[in-house]
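Notes follow once the structure below has been shown.
By convention in this document, chain letters (A, B, ...) are assigned in the order of the sequence lines, proteins followed by strands, and residues within each chain are numbered from 1. In this text the structure is predicted, and so the values were computed from the model without any measurement. Values reported hereafter were calculated over all heavy atoms of this structure, with side chains retained and with hydrogens, waters and symmetry mates removed.
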There are 2 protein chains.
Amino acid sequence: MRIGKVAEGAGVSVRALRYYEEQGLVIADRSPSGHRQYPESAVERVKFIQLLYSAGLSSKAILQVLPFLDTLVATPRMTQRLKDERDRIRTQIDDLTRARDRLDELIGLATESAISPATCSASVDAAT
Amino acid sequence: MRIGKVAEGAGVSVRALRYYEEQGLVIADRSPSGHRQYPESAVERVKFIQLLYSAGLSSKAILQVLPFLDTLVATPRMTQRLKDERDRIRTQIDDLTRARDRLDELIGLATESAISPATCSASVDAAT
DNA sequence: CTTGATCCTCACGTTGACGTGAGGTTTTAG
DNA sequence: CTAAAACCTCACGTCAACGTGAGGATCAAG
């Protein structure tokens with residue numbers, strides 16, 4: 001597979017794939033002419049990388065976790081990193097949940113005050 | 001209240017408070033000598049701003065929803081913005097939850113392979 | 001053989017929320 | 001009164017994950 005197809009399949013840009021290689025996250029063979037050659041599995045791998053990025057992991061953090069996908073052997077260091085990141089994600093979920101609840105409150109108040117057409121006409125009626 | 005106390009109370013840097021003012025998120029009076037003067041309520045306000053930042057809102061987005069806190073009057077535009085951001089946070093929570101679950105899987109596999117001391121000695125026993 | 005699509009390697013540009021001095025004034029504790 | 005602490009305004013630095021040309025080679029189709 002060439003880079004364009006992988007990009008399309010994984011839903012990322014070609015530039016992103018080159019960047020991932022630069023970071024050591026994806027390894028690509030080269031054709032004699034220098035074009036990158038990816039195995040089919042690269043698409044899934046990149047999707048997983050994207051998942052971790054969207055979860056807020058840095059390239060370095062991903063780099064420390066990815067080898068496990070390949071070898072299925074975890075050093076204590078890798079296991080710890082996995083747990084650390086999971087815990088970080090947990091607290092971030094909690095933060096987001098709090099923020100969402102606060103926004104829900106505000107939206108409640110906002111839509112309440114938005115009934116003002118009726119409320120307003122009522123008070124206008126009362127005023128007249 | 002002066003800037004240092006607000007920073008301490010809200011758990012942010014002095015620089016951050018100046019930045020918030022620059023963005024129009026916090027308004028501060030000035031003493032005759034030019035020092036910023038905040039009302040007590042500034043601490044809670046800044047905490048709320050931090051909550052929104054940590055939820056991924058940009059300064060501009062915060063600027064569009066904050067007036068509601070002051071006036072308790074929401075324009076349709078503000079209400080829509082509130083809903084948009086809440087929905088964005090919802091999907092982000094979903095993304096994070098998926099990522100957390102994937103990591104939990106991996107941690108499961110990792111700790112499983114980490115029982116290898118016993119497993120290993122067992123297989124060593126079997127091998128001998 | 002040619003041309004348009006795809007690929008390559010530099011290498012600088014972008015964005016947001018601050019960090020970090022530089023150089024100077026004001027406040028406060030003793 | 002004096003020194004340290006706190007404050008002020010510029011204004012440049014940072015960091016990560018790419019975006020965006022520049023300038024050129026390679027590939028697939030007709």
May I have the distance from [X] (atom [atom1]) to [N] (atom [atom2]), rounded to whole angstrom?
| X | N | atom1 | atom2 | answer |
| --- | --- | --- | --- | --- |
| I3(B) | dT9(D) | CD1 | C1' | 12 Å |
| Q23(A) | dC18(D) | CD | P | 9 Å |
| K5(B) | dA5(D) | NZ | C1' | 11 Å |
| H35(A) | dT26(D) | NE2 | C1' | 5 Å |
| E22(B) | dC12(D) | CD | C1' | 14 Å |
| R15(A) | dG19(D) | CZ | P | 8 Å |
| I49(A) | dA17(D) | CD1 | P | 12 Å |
| Y20(A) | dA17(D) | OH | P | 9 Å |

Considering every strand and a 4.0 Å limit on heavy-atom distances, what is the contact class for [X]: base, sugar-phosphate, or nothing?
| X | result |
| --- | --- |
| S59(B) | sugar-phosphate |
| R18(A) | base |
| S31(A) | nothing |
| L57(B) | sugar-phosphate |

Should the pair D95(B)-R98(B) be classified as a salt bridge under the 4.0 Å nitrogen-to-oxygen rule? yes

Spatial distance of atom CD (Q50(B)) from atom CD1 (I62(B)) [nearest 0.5 Å]: 8.5 Å

With rounding to the nearest 0.5 Å, note down the distance linking CZ in R100(A) to CG in D87(B). 11.0 Å

Within a reach of under 6.0 Å around CZ of R30(A), are more than 12 heavy atoms found that belong to other residues, nucleotides or ligands? yes

Take a 6.0 Å sphere around CD1 of I27(A) and say whether it holds more than 12 heavy atoms from other residues, nucleotides or ligands. no

Side-chain N or O of Y19(A) closer than 4.0 Å to phosphate OP1/OP2 of dC18(D): no

Hey, is the main chain of E21(B) close enough, under 3.5 Å, to the side chain of R36(B) for a donor-acceptor pair? no

Checking the side chain of R45(A) only, and the main-chain atoms of L66(A) only, is there a donor and an acceptor separated by less than 3.5 Å? no

Degree of bending in the helix from dC1(C)-dG30(D) to dG30(C)-dC1(D) once both end axes are built from five pairs, to 10°: 10°

Chain B footprint on DNA chain C, 5' to 3' - any atom under 4.0 Å from a heavy atom: dA17(C) to dT28(C)

